[in-house]
Novice: 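Dumping the structure here so I can ask a few things about it.
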2 protein chains.
Amino acid sequence: MRVDEIDELLSIRAAELYYEENKTQDEIGQALRLTRWKVGRLLAQAKQRGFIRIEILHPRARRLPIERRLREERGLSDAIVVSTAGVHSPEELQQRTAQAAADYLTALRPVPRTLGVSWGRTLFEISQHLRNGWATGVNVVQINGGVSLNRRPGTAAATAVGIAQKGGGSATLLPSPAILERLETKEAIEADRVVAGVIELARSAEAYLFSAGAADHSSVHVESGYLSVADVDLLVQKGAVGDVVGRYIDSDGNIVDPALDARTVGLTLDELRGAPLAIAVMSGPAKHAVADAVVASGLCTVLVTDEATALHLLDG
Amino acid sequence: MRVDEIDELLSIRAAELYYEENKTQDEIGQALRLTRWKVGRLLAQAKQRGFIRIEILHPRARRLPIERRLREERGLSDAIVVSTAGVHSPEELQQRTAQAAADYLTALRPVPRTLGVSWGRTLFEISQHLRNGWATGVNVVQINGGVSLNRRPGTAAATAVGIAQKGGGSATLLPSPAILERLETKEAIEADRVVAGVIELARSAEAYLFSAGAADHSSVHVESGYLSVADVDLLVQKGAVGDVVGRYIDSDGNIVDPALDARTVGLTLDELRGAPLAIAVMSGPAKHAVADAVVASGLCTVLVTDEATALHLLDG
DNA sequence: GGCAATGCTGCTCATATGAGCAGAGGGCAC
DNA sequence: GTGCCCTCTGCTCATATGAGCAGCATTGCC
């Protein structure tokens, strides 16, 4: 048995006594016939070699070292990474991330007077997780079209209104479909005084909160009837990895289909990129690719995500 | 938000800073606007409530608190429980357990002059994991019949010889099948001078090392041809949970089929129960039931097993 | 074989942590 | 409203731990 192998084994024995039996390093020294300094060094070695794993098991637990890496390596101004330790279902992951986003909004200073929001499953969850009185006087404005055509009518409106009401402000909805069939219709809608006013207000928001959709058949755009399954397949063929405020991007963050984009109502991606505070919330394996595109192309300044997605952004 | 909920959240934030960021409790106090004593209490609370999980990730890692519980709650004189943290395959679990058994034997004091061993997959693994010179002058004697009829001829012999050679002693093999078809044959074999001598030697061994088999089709007795699949099914019907030294027992440790038992060559279970040092080595979910029977009926004084099996013995 | 370089050991001293306690504050019964 | 009780707070002091360092052993090199 080599010397470093003996030391490795000793460090495991020491770690067992230290972490599982709550013995002092001195006591361990007596038990293993070592000085307490040697024990301390063995323990440090065990930690450093990665034999000791410390996990915080709690739905609200975050992974600060990963957050730091995201800030440093991906140039984000802030990052919130929820732990996946003890997560049993995809729903739970979604809940944790939404809760973290709600927490982040609540703690945000200075409180934005106007908050631009997108809509979708994630945003709806966030609105549900915000507490009454999370802010006082935060007005909310929709930043992309979202009158649902098919199912779940009103989720988009309920999201914005919910965030606004709980934040002691009012919501301004964008009364337009997300994507129009004809360019002329889209231009006509945007020319409408009310719609133009809402978009103007959206441009002036102090902060944006949005999610991104994966480019697959589960997309809310398919569910809402704006796009067909075939449309999505075509977009994927063209390199789409997902959508942000209804606009489909490739892995570099470029618009995949300019013609489609021109028929999409709401803030443009460049307007979003110019924002001083843009909070993207994304979780789950399906969002890995689009999350990478969002972060790489500077669509967000703050990212709220889960551990696995974060690690994908760093090492994947 | 209730007060204890705030405290819970604070304790998680504190734990993140303490365990992930290596900050001192004082620094955490400054960051969270708390006194360092409050931080200390929050951390203690987080630990006590089970929010902090510390695992030792190493093939040789053991679970000392579980070992203690096994000694105290199941009346074992000693217990070795290997950690399942980071185990990816059933083979790895088997390896870890065999390694732990080899380690235990090596460290055993006083060194037994004669060691009685059974045979099988587990015992073979243990013999493989023992180092040359693990002892000086340990003689090994087989305690149950084991001339393989079908495949892998000689594993039983290789096991005993391997343990003996590496321990600087010699092996005495029991030259008999495990189970005979007729009672008369069994009695004739036991009457043989050589066989009788080996069994006498086995009875005088200072320590025994054995495993147990599950009562299912993967049994070594099926593999070796002593029992048919139908035989095993019948035994299970009669309540068998597994076998020890070839003798099938129910969950109370009683012989399931006395006629079959009478045709089985080797130490009886009562002789094993009388031993001052009987080391049982069992791992894997398939062995849970038989492990329980072995421990409950006092067949072993020392148990080497894995974490999941140990927890089954304690809480299952 | 001599010598330098490297790493390891056991120390001193500074710091971090936990135990235990006095007092403040807040809730509750009367 | 008053007094009691219980809990929680911030302290003192004892203990445990980590940083840094001088001396010693071991290794490798010539």
Side-chain angles (χ1 to χ4, degrees), chain A residues 1-58 60-65 67-68 83 107 131 133, chain B residues 1-58 60-65 67-68 83 107 131 133:
Chain A
M1 198 151 49
R2 303 184 318 279
V3 173
D4 59 338
E5 204 178 331
I6 293 174
D7 262 25
E8 183 170 319
L9 220 59
L10 269 179
S11 73
I12 296 303
R13 296 287 152 256
E16 288 162 358
L17 294 166
Y18 192 70
Y19 291 107
E20 302 214 312
E21 299 284 79
N22 295 312
K23 299 216 188 256
T24 69
Q25 298 185 4
D26 213 355
E27 289 173 310
I28 296 169
Q30 287 177 289
L32 302 181
R33 308 178 152 272
L34 302 166
T35 62
R36 71 185 181 79
W37 296 284
K38 177 76 179 173
V39 173
R41 283 178 188 120
L42 286 172
L43 288 171
Q45 206 178 74
K47 252 190 185 166
Q48 184 247 316
R49 293 204 206 177
F51 297 153
I52 312 296
R53 176 163 70 195
I54 302 183
E55 277 179 325
I56 304 174
L57 293 165
H58 195 278
R60 306 285 267 268
R62 284 162 52 187
R63 301 299 320 274
L64 305 186
E67 295 180 359
R68 188 213 316 288
S83 165
R131 325 191 135 262
Chain B
M1 199 149 52
R2 301 185 319 281
V3 172
D4 60 338
E5 203 178 332
I6 294 175
D7 261 25
E8 181 169 322
L9 219 60
L10 269 179
S11 74
I12 296 303
R13 296 287 150 254
E16 287 161 1
L17 293 166
Y18 192 72
Y19 292 108
E20 301 216 308
E21 298 284 77
N22 295 314
K23 298 214 189 258
T24 68
Q25 298 185 4
D26 213 355
E27 288 173 310
I28 296 168
Q30 287 177 290
L32 302 181
R33 309 179 150 274
L34 301 167
T35 61
R36 71 184 180 82
W37 296 284
K38 177 76 177 169
V39 173
R41 283 178 189 120
L42 286 172
L43 288 171
Q45 208 177 74
K47 252 190 187 166
Q48 185 246 313
R49 292 204 207 177
F51 296 152
I52 312 296
R53 177 163 69 195
I54 302 183
E55 278 179 326
I56 303 174
L57 293 165
H58 195 278
R60 305 284 267 265
R62 285 163 48 187
R63 301 301 319 276
L64 305 187
E67 295 180 356
R68 188 211 317 288
S83 166
R131 324 191 136 262

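What you see is a predicted model; the values in this text were computed from it and never measured. Naming: A, B, ... by sequence-line order, numbering from 1 per chain.
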Novice: Between C1' on C:dG7 and NZ on A:Lys38, what's the gap in Å once rounded to a whole number?
Specialist: 11 Å
Novice: Hey, are the side chains of A:Ile52 and B:Leu57 touching, using non-hydrogen atoms and a 4.5 Å cut-off?
Specialist: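 Side chain of A:Ile52 against side chain of B:Leu57, heavy atoms only: no contact under 4.5 Å found.
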Novice: Figure out the CZ/P separation between A:Arg33 and C:dT9, and round it to whole Å.
Specialist: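 Taking atom P of C:dT9 as the reference, CZ of A:Arg33 is at 17 Å.
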Novice: Distance criterion of 3.5 Å, no angle test: do you see the side chain of A:Trp37 paired donor-to-acceptor with the base of C:dT12?
Specialist: yes
Novice: Looking at C:dT15, I'd like to know if its phosphate oxygens (OP1 or OP2) sit under 4.0 Å from a side-chain N or O belonging to B:Gln25.
Specialist: no
Novice: For A:Leu34 and D:dT17, give me the distance from atom CG to atom C1', rounded to whole Å.
Specialist: 16 Å
Novice: Kindly give the heavy-atom pair with the smallest separation between A:Arg62 and B:Glu20, and that separation in Å.
Specialist: O-OE1, 3.2 Å
Novice: Starting from C1' on D:dG18, measure out to CD1 on A:Ile28 and report it in whole angstrom.
Specialist: 15 Å
Novice: Given atom CZ of A:Arg36 and atom C1' of C:dT9, what is their separation to the nearest angstrom?
Specialist: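 Taking CZ of A:Arg36 and C1' of C:dT9, I get 13 Å after rounding.
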Novice: Start at the 5' end of DNA chain D and walk down; is the nucleotide closest to B:Thr35 or to A:Tyr18 reached first?
Specialist: B:Thr35
Novice: Rounded to whole Å, how long is the line connecting atom CG of A:Leu17 with atom P of D:dA16?
Specialist: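 About 16 Å, once rounded to whole Å.
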Novice: Roughly how many Å is it from CG in B:Leu42 to P in D:dC8, rounded to a whole number?
Specialist: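 One finds 12 Å between P of D:dC8 and CG of B:Leu42, rounded.
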Novice: Closer than 3.5 angstrom, by distance alone: can the side chain of A:Gln25 be matched with the main-chain N or O of A:Val39 as a donor-acceptor pair?
Specialist: no
Novice: Can you say whether a donor on the side chain of B:Arg41 sits under 3.5 Å from an acceptor on the base of D:dG10, or the other way round?
Specialist: yes
Novice: With a 4.5 Å cut-off on side-chain heavy atoms, are B:Glu27 and B:Glu21 touching?
Specialist: no
Novice: Tell me the interatomic distance from B:Ile6, atom CD1, to D:dC8, atom P, rounded to whole angstroms.
Specialist: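 Distance, rounded to whole Å: 13 Å.
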Novice: In terms of side-chain heavy atoms of A:Thr24, which of C:dA16, D:dG18, D:dA16 is nearest?
Specialist: D:dA16
